[in-house]
Amino acid sequence: MRLHNTLSGQVEEFKPIEVGHVRMYTCGPTVHDYAHIGNFRTFLFEDLLRRVLLQQGYRVTQVMNLTDVEDRIIKKAAEHGQTIDEFTEKYIEAFFEDLDTLRIERAEHYPRATEHIFEMVSLIDLLNEKGHTYVTDGSTYFRIASFPRYGELAHLDHAGLKAGARVDVDDYGKDDPRDFVLWKARKPGEQSWETPLGIGRPGWHIECSAMSMKYLGESFDIHTGGVDNIFPHHENEIAQSEAATGKPFVRYWMHAQHLQDAMGEKMSKRLKNFTTLRDLVAEGYQPRAIRYALLTGAHYRSPLAFSPELLKAADSAIKRLDEFAVRLGPIPTEAEPTPDVRKRWDDALKDDLNLPAAVGHLFEFIKAFNTRLESGKATPEERAGAMAMLRHANRILDVVEFPEVVDAEVDRLIAERQAARDRRDFARADEIRQQLLGMGIQLDDTKDGTRWKRVR
RNA sequence: GGCGAGUUAGCCAAGUGGUAAGGCAGAGGUCUGCAAAACCUCCACCGCGGGUUCGAAUCCCGCACUCGCCUCCA
């Protein structure tokens, strides 16, 4: 298995620290609003990574944080006259609903920042002891000058950082503009925690270090997020984690590219050019088409422009997969996937999660196998293998609807209609077809007889 | 200004040295009581200009354009 590592900028052979067990931390949502589909592109990339690792036989321990204390949350909660918990509850709930809608597998842990204040304070304490911090007006800062390797992940050198640095955009004082805040002193009206560091609240970056190390250890395998997290968030995580433990923090950093709007601009809350999952579902798009579009529309490291056309193409492609399943019919699933196709599929995914290529191989196979089915050459064994292959692929894609095994009533009506057709009573035949359609069953007449499938 | 990614058919997209996967859309055909599906066929000289090579979308140089990051945005 090969994965792209932002640290080296290269695709590298993946080897977990513990043989057969992958520990990964996936940066989760800030629950100040509904997540938009750009956010979900990243979460789907992480779902892909998780599923591929599992399919490769790894045990996976995945942690996804819920950032529930942050500037926007504090501001909005105050505007609503609510506590942080009251305000974020709705969006946390919505987030999990959205994960289900997109069939994103659950991680093992979803730690919340507000429930790990103690761990964060402990970590900051450790940084204090080791001389990486300073305090100004009750806020604690990380001194970047104390961590020479700073900039390694984002490939920025200190000089470059200085050139790009702006002066103090927030209200907190720093010795050096590059430094970042670990603990923010309480400001009037803000929810705060009373700790040995003073009354205040944690900075953003420290939560991920504290929570990832709590659940995964001081060194773990994979840490993911959107590319916008590379700098400063992940860079800061490395600095504070490694400064505290003296150990390598993360071995493989993986980042998903952005989803763009139809104009090719980054989708973001700030630009107000975003779409939520809920909007799309309300517009009548199938969730599985959204899943398919975001997952296969482009390799995860390439930008993807989102458009209605993309969704429509996804919808049609899924229908083709459904149709293939219907055509193979309800058959046993114990068979092994068609070997050569399986190999091409697996190899593509093992090559830095190249799902677009894998899907290409799958469709190539489907096209060829349809030809065999058409000519009547496909053996029952081959059909079983093809079905197993489709199921194998669908363990990653999770978009196909497989035909149900039997439905006696449907079979009876189909037989009755066939009898009508045999005596050329097409009026009766069409009547039965309409009747079944009313039951959500669509009939397809083929050379091999009549097939049926459920329609929406 | 610094760093990085990218430019492949109408749209999306894979492809890192041997003369372009796949999906969507489109055209024609086969099949068919009808419908739908399926199948077959057709549809790209890979941003521009040089260079290396027997041979380049793939390597090198230059140019153009797009996008991202450069302090709390997945």
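Just so it is clear: chains get the letters A, B, ... in the order the sequence lines come, proteins before strands, and each one is counted from 1. Since the model is a prediction, treat every value here as computed from it, not as a measurement. For the numbers below, each heavy atom of this structure counts, side chains included, while hydrogens, waters and symmetry mates do not.
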Under 3.5 Å donor-acceptor pairs involving side-chain atoms of residues 302-309 of chain A, not counting sequence neighbours:
{"residue": "A/Ser307", "atom": "OG", "partner": "A/Glu309", "partner atom": "OE1", "Å": "3.4"}
{"residue": "A/Ser307", "atom": "OG", "partner": "A/Leu310", "partner atom": "N", "Å": "3.2"}

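- The distance between atom CG of A/Asn273 and atom C1' of B/C73, rounded to the nearest whole Å, is 12 Å.
- Residue-level contact check: A/Leu362 touches neither bases nor backbone, having no heavy atom under 4.0 Å from any strand.
- Along RNA chain B, the nucleotide closest to A/Gly297 and the one closest to A/His361 are compared, and the more 5′ of them pairs with A/Gly297.
- Among the heavy atoms of the strands lying under 4.0 Å from A/Thr30 are primed sugar atoms or P, OP1, OP2 only; no base atom is included.
- Residue pairs meeting the salt bridge (Lys or Arg N to Asp or Glu O under 4.0 Å) criterion with at least one member in residues 232-244 of chain A, sequence neighbours excluded, are A/Arg149-A/Glu242.
- Taking atom C1' on both nucleotides, B/U7 is separated from B/A13 by 13 Å, rounded to a whole Å.
- Scanning for side chain to side chain donor-acceptor pair (under 3.5 Å) contacts around A/Arg342 gives A/Asp346, with sequence neighbours left out.
- Counting any heavy atom pair closer than 4.0 Å across all strands shown, A/His258 reaches a base atom.
- Note on A/Gly264: only backbone sugar-phosphate atoms sit closer than 4.0 angstrom, heavy atoms only; bases stay farther off.
- Protein atom CZ of A/Phe180 is 16 Å distant from nucleotide atom C1' of B/C70, rounded to whole Å.
- Taking side-chain N and O atoms only, A/Ser302 has no distance below 4.0 Å to OP1 or OP2 of B/A13.
- Within the nucleic acid shown, A/Glu70 comes within 4.0 Å of sugar-phosphate atoms alone, with no base atom in reach, counting heavy atoms only.
- A/Ser8 is linked by a side chain to side chain donor-acceptor pair (under 3.5 Å) to A/Glu12, counting only residues two or more places apart in sequence or in another chain.
- Rounded to a whole angstrom, the distance from the C1' atom of B/A14 to that of B/A21 is 6 Å.
- In this structure, A/Ala256 reaches neither bases nor backbone, as no heavy-atom distance under 4.0 Å exists between it and the strands shown.
- Atom CH2 of A/Trp345 is separated from atom P of B/G22 by 16 Å (rounded to the nearest Å).
- Heavy atoms of A/His205 sit nowhere under 4.0 angstrom from any nucleic acid atom.
- At a cut-off of 3.5 Å, with distance as the only test, a side-chain donor of A/Tyr215 or A/His116 sits close to an acceptor on the other residue.
- In this entry the distance linking NE2 of A/His299 with C1' of B/U16 reads 14 Å, nearest Å.
- A/Asp261 has its CG atom 17 Å from the P atom of B/A74, to the nearest Å.
- B/G51 and B/U66 have their C1' atoms separated by 26 Å, given to the nearest Å.
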Protein heavy-atom contacts under 4.0 Å, written 5' to 3' over nucleotides 31-46 of chain B as B (base), S (sugar-phosphate only) or - (none), form the string --BBBBSBSS------
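- Residue contacts shown for A/Ser316 are limited to sugar-phosphate atoms, with no base heavy atom under 4.0 Å away.
- Between the C1' atoms of B/U30 and B/G68, the separation comes to 50 Å (whole Å).
- Only the P atoms considered, B/C72 is 32 Å distant from B/C12, to the nearest whole Å.
- A salt bridge links A/Arg51 and A/Asp398; the closest N-O separation between the charged side-chain nitrogens and carboxylate oxygens is under 4.0 Å.
- Residue A/Ile230 is out of contact with every strand shown, counting any heavy-atom pair closer than 4.0 Å.
- With salt bridges taken as basic N to acidic carboxylate O contacts below 4.0 Å, none links A/Asp71 and A/Lys76.
- The side chain to side chain donor-acceptor pair (under 3.5 Å) search around A/Asp100 returns A/Arg106, not counting sequence neighbours.
- Counting non-hydrogen atoms under 4.0 angstrom, A/Lys266 reaches a base of the nucleic acid.
- Here the separation of B/G17 from B/C46, taken at their C1' atoms, is 15 Å to the nearest Å.
- Using P as the reference atom, B/G6 and B/U58 are 13 Å apart when rounded to the nearest Å.
- Rounded to whole Å, the separation between the P atoms of B/A64 and B/A27 comes to 42 Å.
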